[in-house]
Amino acid sequence: MYALVDCNCFYVSCERLFRPELNHKAVVVLSNNDGCVVARSPEAKELGIKMAVPFFEVREFYDRGELHVFSSNYALYGDISSRVMSTLEALAPAVEIYSIDEAFLDLRGMQLNYDLNRYGHQIKQRIHKWVGVPVGVGIAQTKTLAKLANYAAKHYPKTLGVVDLSAASWRSRLLKKTNVADVWGVGRRTAAKLYAEQIFTAADLAESDAEAMGKRYSVMLQRTILELRGIPCFNFAEQPTEKQQVLCSRTFSSRLTELPPLKEAVREYAVRAAEKLREEKGLARYISVFLRTNPNARFEVKYANSAAVTLPNPTCDSRVLMSIAVQLLEQIYLPGYRYMKAGVMLGDIQPHNSYQVDLFNPDLHSPKSQQLMKTLDEINQRYHRGVTFVGQGFEQNWSMQRQHLSPSYTTSWQDLRRVRC
DNA sequence: TCTGGGGTCCTAGGACCC
DNA sequence: TCTGGGGTCCTAGGACCC
């Protein structure tokens with residue numbers, strides 16, 4: 001048996017922790033650059049605000065004082081997330097952290113000694129008491145069914161936030177009630193095709209010919225069908241696997257046209273990506289840079305391009321990655337466009353303690369480089385942006401907008417800076 | 001005027017090998 | 001008239017997730 005524990009409108013719940021007067025009010029959290037709505041309180045959903053709509057489309061609610069708005073504060077959400085996860089780790093035999101706001105629990109064997117429904121409520125109460133955010137709990141034989149149970153826990157108030165699908169009768173009832181588009185792994189495209197062949201509910205999908213569907217759609221859908229029948233196909237992964245790629249990209253606060261500020265931004269992203277890579281204890285051999293104008297603009301000339309290179313030897317040195325990123329940018333930059341976004345991607349990642357050096361090319365992971373990067377990271381862990389490269393720029397006028405940012409309640413960057421000033 | 005930022009897995013097709 | 005059979009690796013693109 002598996003449980004899926006998922007925090008309700010997580011980012012909103014994090015903000016409410018420190019602003020309890022916003023409980024029972026319409027609240028949303030915006031994506032970076034205050035672009036789209038990425039989290040909504042139930043009251044905001046009632047206003048008809050859909051997931052991922054651009055903020056300017058719902059701004060009227062805010063202007064009328066009916067909606068409270070926050071820019072995303074990932075330092076806060078990351079910290080609250082780790083509190084939720086460590087609480088879960090004390091409650092379950094094994095935990096797979098699936099995303100910032102949800103985790104699978106492996107309950108193998110527990111059904112013999114526990115009433116799983118009661119156990120689900122214990123989890124919910126413990127997290128509420130210790131961390132303060134509301135969660136939903138879904139319990140079932142496979143991950144896909146646990147997802148479905150969790151979905152039911154959130155959508156049907158009668159469940160009080162916990163659904164246990166151990167009983168076959170409950171399972172088939174829920175499958176019949178659930179739209180096939182709400183099944184984990186069925187996206188918009190697949191759902192549209194399924195409707196066309198008269199598959200409307202999760203039950204319809206579960207009863208379809210798994211092998212034939214696998215051939216017509218994909219093996220992923222085939223596995224989903226089996227999972228809906230209670231046959232596990234997706235493994236439980238307690239240990240996070242090493243990342244295959246690391247990406248840093250941002251939308252600029254305003255459109256950029258000239259090369260110098262674009263270079264600054266790309267250097268900044270390369271340095272951030274290199275930091276993430278070192279956190280992963282990885283070395284990258286593949287580096288790619290992309291650049292694009294606004295794909296949604298109707299009356300604008302569009303342009304998007306990317307360039308990549310594979311290095312002879314892998315590295316995590318910010319200086320190397322930064323200078324290569326700028327060279328790649330120069331290959332794809334064209335004057336005359338209003339650029340909206342750029343990004344740096346690192347791939348072909350290998351562990352830093354076991355890699356092969358190409359003898360005929362310089363080692364980009366020399367002891368000197370390692371020492372320098374270690375020192376850099378140590379300083380920057382203590383002092384936010386303590387050491388930066390000149391090329392990253394000082395003003396960074398292109399850097400994103402966050403007009404509705406909450407304070408760092410639980411992390412100390414901003415406060416520390418203020419004290420030191 | 002105004003639209004995020006990460007990731008994963010799978011597949012088809014091309015290039016190449018013997 | 002008429003040209004095999006078995007592989008691997010890489011990449012781009014699609015679909016999905018949060």
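In what follows, chains are A, B, ... by sequence order, proteins preceding strands, each numbered from 1.
Closest to the Arg338(A) side chain, of the nucleotides dC2(B), dT3(B), dG5(B), is dC2(B). For Phe56(A), taking side-chain heavy atoms from C-beta onward, the closest of the listed nucleotides dC16(C), dC2(B), dC18(C) is dC2(B). Residue Arg223(A) places its side chain closer to dC10(B) than to any other of dG6(B), dC10(B), dA15(C). Proximity note for Ser99(A) (side chain, C-beta onward) versus dC18(C), dA15(C), dT3(B): the nearest is dC18(C). Minimum atom distance to the side chain of Val219(A) is reached by dT11(B), of the listed dA15(C), dT11(B), dG4(B). For Lys243(A), the listed nucleotide lying nearest its side chain is dG7(B); candidates were dC18(C), dC16(C), dG7(B). If you check dC17(C), dC10(B), dG6(B) against the side chain of Met220(A), the one that comes closest is dC10(B). Side-chain proximity of Gln244(A) to dT8(B), dC2(B), dG4(B): nearest is dT8(B). Considering only side-chain atoms of Ser31(A), the nucleotide from dG4(B), dC17(C), dG6(B) that sits closest is dG4(B).
Following rounding to the nearest Å, Leu221(A) (CG) and dC10(B) (P) show an atom-to-atom distance of 13 Å. Residue Ile100(A) contributes atom CD1, which lies 12 Å from atom P of dG6(B) at whole-angstrom precision. Computed from coordinates, the Asn150(A) CG to dC18(C) C1' distance equals 13 Å when rounded to whole Å. When the C1' atom of dC18(C) is taken as reference, atom CG of Asp6(A) falls 9 Å away, rounded to whole Å. In this structure, Phe252(A) places its CZ atom 18 Å from C1' of dT1(B), rounding to the nearest Å. Going from atom CZ of Arg189(A) over to atom P of dA15(C) covers 5 Å, rounded to whole Å. Straight-line distance from the CZ atom of Arg298(A) to the C1' atom of dC2(B): 12 Å, rounded to whole Å. For the pair Trp184(A) CH2 and dC9(B) C1', the interatomic distance rounds to 12 Å; values are reported in whole Å.
Using a 4.0 Å heavy-atom criterion, one finds that Thr251(A) contacts the sugar-phosphate atoms exclusively. Asn33(A) comes within contact range of no nucleotide atom at all, as no heavy-atom separation falls under 4.0 Å. Within the nucleic acid shown, Ser72(A) has no heavy atom closer than 4.0 Å to any nucleic acid atom. When heavy atoms are screened at a 4.0 angstrom cut-off, Asp34(A) is found touching no nucleic acid atom at all. Val246(A) comes within 4.0 angstrom of the backbone, heavy atoms only, and of no base.
Remark: Lys147(A) is in phosphate contact with dC18(C), judged by side-chain N or O atoms under 4.0 Å from OP1 or OP2.
Residue whose closest nucleotide on DNA chain B sits further toward the 5' end, between Glu242(A) and Arg292(A): Arg292(A).
If you check dG6(B) for Watson-Crick or wobble pairing at under 3.5 angstrom, you find it paired to dC17(C).
With 3.5 Å as the limit, one finds a donor-acceptor pair spanning the side chains of Ser318(A) and Arg278(A).
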Inset, instruction - Run the numbers on Tyr195(A) and Asp204(A) for side-chain hydrogen bond (donor to acceptor under 3.5 Å, both in side chains), then give the verdict. - result: CA-CA 10 Å; Tyr195(A) 292 157; Asp204(A) 295 340; over 6 Å; no

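Of the residues Glu227(A), Glu102(A), Glu96(A), the one that meets the salt bridge (Lys or Arg N to Asp or Glu O under 4.0 Å) test with Lys143(A) is Glu96(A).
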